[in-house]
2 protein chains.
Amino acid sequence: MIRVLIAEDQQMLRGALSTLLNYEVDIEVIAQANNGKEAIELIHQLSPDVCLLDIEMPIKSGLDLAEEMFEAGSVCKVIILTTFARTGYFERAIGAGVHGYLLKDGPSEELAEAIRRVMNGQKMFSPELVFNHIKQDNPLTSREKEVLKLVASGLTSKEVSAHLYLSAGTVRNYMSEIINKLEAKNRIEAITKAKEKGWI
Amino acid sequence: MIRVLIAEDQQMLRGALSTLLNYEVDIEVIAQANNGKEAIELIHQLSPDVCLLDIEMPIKSGLDLAEEMFEAGSVCKVIILTTFARTGYFERAIGAGVHGYLLKDGPSEELAEAIRRVMNGQKMFSPELVFNHIKQDNPLTSREKEVLKLVASGLTSKEVSAHLYLSAGTVRNYMSEIINKLEAKNRIEAITKAKEKGWI
DNA sequence: CATTTAAGATGACATTTGTCATAAGAAGAA
DNA sequence: TTCTTCTTATGACAAATGTCATCTTAAATG
C-alpha cells in the first residue's frame, strides 16, 4: 500500500483527489494539509511514501517545503502538482530534486499512475514542461531579485533602501538596471514580466 | 438520474469531480467542457438538468454563460463553482438568477448534496459568501477603474492619457485620487489592493 | 595573475509621479 | 430647482523615479 500525503489549499480539489486516490486498491491517502506548515508536521508524524505538493499555498510554499525535506535527508518521494507552467518554478523544483512535476491542467486519471511510477524509482514530468524548458534564465542577480520583490510589495525606493541598509541611490540604480534587463517601460512592467517568468 | 454538465478549464479538477459525481447512484456527468463556448453547444445538444460552471474560463466566462442561458429562457439549473469570493462576482451571479454559488475552497463531499438540493428547487450558497456580503463597495468610479487597469498593465500616465484621449494632468489627478481612496502609498500598492478586492 | 562580475556608492540630470487648489459642464437625485 | 457626483481640465510644486558616468572592493573564473 502506497501511503500518500496531499498538501493543497483548494479544499475542493484536495478532497476530490483524495477520494479518487482512495478508490485505487494500492494507494491510501493518509493525510491532507492546507498549507506547507501543516504538511511538514504531518510528514514528521506519519512519514508518508509520497507527498503531493501544491506550490502556491499560504504560510509555506510547496517548493520551500520540498527543499527543506531534501536538505533534512528525507526519503519521501515528492510530486509537485500545480497550475503554473512557469519555467522558474520548474527549474527550482528540478534543482531541489523532486521526483515528479505535474500540471493541474493534465488528466486526473494519470495521477495514480504517476504515483506508482515514482514509487518505482521513475520520474514523472508533464511533457509540455520539458518541451517548453528552453532555459529562460533569470537575468537578475540575487540582490536585484530582493529589491524587485520589495518594490513589488508596494514599497518605495527609499523604503527598500532602509529595509536593506542600502543608500537610496543604490536602490534607484538597481531598479534602473532591472528595468533595462527586463526590457520594461517602468517598475510596474518590470514586476509583471518578472512574475510571469517566475523570476521573483 | 440527474444529468450534469461540468464546465471548468482546469482539467485535473474537472476530471476528479466528474469521477467523483459518477460514483453517486443518482447523478451522471453527461458532458465536460473546457470553456464557456464549448459548454453552450453541449447544453443545446444535451439539455442537462444541472450545469456546474467555473467563472474564469477562456473565451466565455461562466457568468456570461449563465446570463445568456437565463435570457434564452433555459430551465437548466445553474451552480457557479469558483475560487473567487469576490463580491462583484457573487452579486452578478445572484442578479443573473443562479441556483447555487459554491467555492472551490469548500468540501468536495457537499457538491453532490448541493446538486440534489438545487434539483429539488432549493438554493445553495457558500455560507462565507452570504456572511461576507457586507457590501465591500468598489469606491472607484468607472473612469478611475479604466485608468487603474491601464496603469496596472504597465502603461505610464502619459500613455494612458493618449489611450483615453485625456490630458496628462487629468490622468495624474485620477491616479492621485485612486491612491487616496485605496489608502495606498503609490500606484503599485493601489494596483495590488484593487486586485485583491476584485475592484479591477 | 589578470579579468570579469556582483555589490555598493556618488552626483547630476531629466522625467514621471503624486498632491493640492481650483474650476467648468453634464447628469442625476432630493 | 438646488445639490451632489462624475468627468475633465490647469497650474504649481514637491517628491519619486529612471538614466548615465564613474568609482571601489570583494569574489569568482579563466
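These numbers were taken from a predicted model, which means no experiment stands behind them. Every chain is numbered from 1 and lettered A, B, ... according to where its sequence line falls, protein lines coming before strand lines.
Judged by closest nucleotide on DNA chain C, A:Lys181 is the one of B:Arg172 and A:Lys181 placed further toward the 5' end. Each of B:Thr170 and A:Asn180 was matched to the nucleotide of DNA chain D holding its nearest heavy atom; the match closer to the 5' end belongs to B:Thr170.
Taking only side-chain atoms of B:Ile179, from C-beta outward, the nucleotide of C:dA9, C:dG18, D:dT19 with the closest atom is C:dG18. Considering only side-chain atoms of B:Asn186, the nucleotide from C:dT17, C:dG8, C:dG18 that sits closest is C:dG18. Distance from the side chain of B:Thr156 is smallest for C:dT17 among the nucleotides D:dT7, C:dA7, C:dT17.
Contact check, A:Ser167 against C:dG8: no side-chain N or O comes under 4.0 Å of OP1 or OP2. Residue A:Thr141 places at least one side-chain N or O closer than 4.0 Å to OP1 or OP2 of C:dA7. When the side-chain nitrogen and oxygen atoms of B:Ser157 are compared with OP1 and OP2 of C:dT17, one or more of them lie within a distance under 4.0 Å. Distances shorter than 4.0 Å separate some side-chain N or O of A:Ser176 from OP1 or OP2 on D:dT19. For D:dA15, neither phosphate oxygen OP1 nor OP2 lies less than 4.0 angstrom from any side-chain nitrogen or oxygen of A:Lys158. Side-chain nitrogen and oxygen atoms of B:Arg187 include at least one within less than 4.0 Å of the OP1 or OP2 phosphate oxygen of C:dT17.
Here the closest non-hydrogen pair linking A:Ile188 and B:Gly154 is CG2-CA, 4.0 Å.
A:Lys145 has its NZ atom 12 Å from the P atom of C:dA6, to the nearest Å. In this structure, the OH atom of A:Tyr165 is 19 Å from the P atom of C:dA7, given to the nearest Å. Per the geometry, CD belonging to B:Glu177 stands 14 Å off C1' belonging to D:dT8, to the nearest Å. Atom pair B:Lys185:NZ and C:dT19:C1' shows a separation of 17 Å (rounding to whole Å applied). Atom CZ of B:Arg143 and atom C1' of D:dT8 are 9 Å apart (whole Å). For the pair B:Ile178 CD1 and D:dT7 P, the interatomic distance rounds to 11 Å; values are reported in whole Å. For the pair A:Leu166 CG and C:dA7 C1', the interatomic distance rounds to 9 Å; values are reported in whole Å. Rounded to whole Å, atom P of D:dT5 lies 13 Å from atom CD of B:Glu144.
If you check the side chains of A:Arg187 and A:Ser157, you find a donor sitting under 3.5 Å from an acceptor.
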Item checked: Verdict with supporting geometry, A:Ser74 and A:Glu68, side-chain contact (heavy atoms from CB on, under 4.5 Å) -> CA-CA 9 Å; A:Ser74 170; A:Glu68 272 183 36; over 6 Å; no

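The only option from B:Val4, B:Asn22, B:Leu111 that meets the side chain to side chain contact (heavy atoms under 4.5 Å, CB included) definition with B:Leu17 turns out to be B:Leu111.
Residue-to-nucleotide contacts include a donor-acceptor pair under 3.5 Å from the side chain of A:Asn173 to the base of C:dT10.
Both A:Leu166 and A:Met175 are part of a single hydrophobic cluster, where members link through side-chain heavy atoms under 4.5 Å apart.
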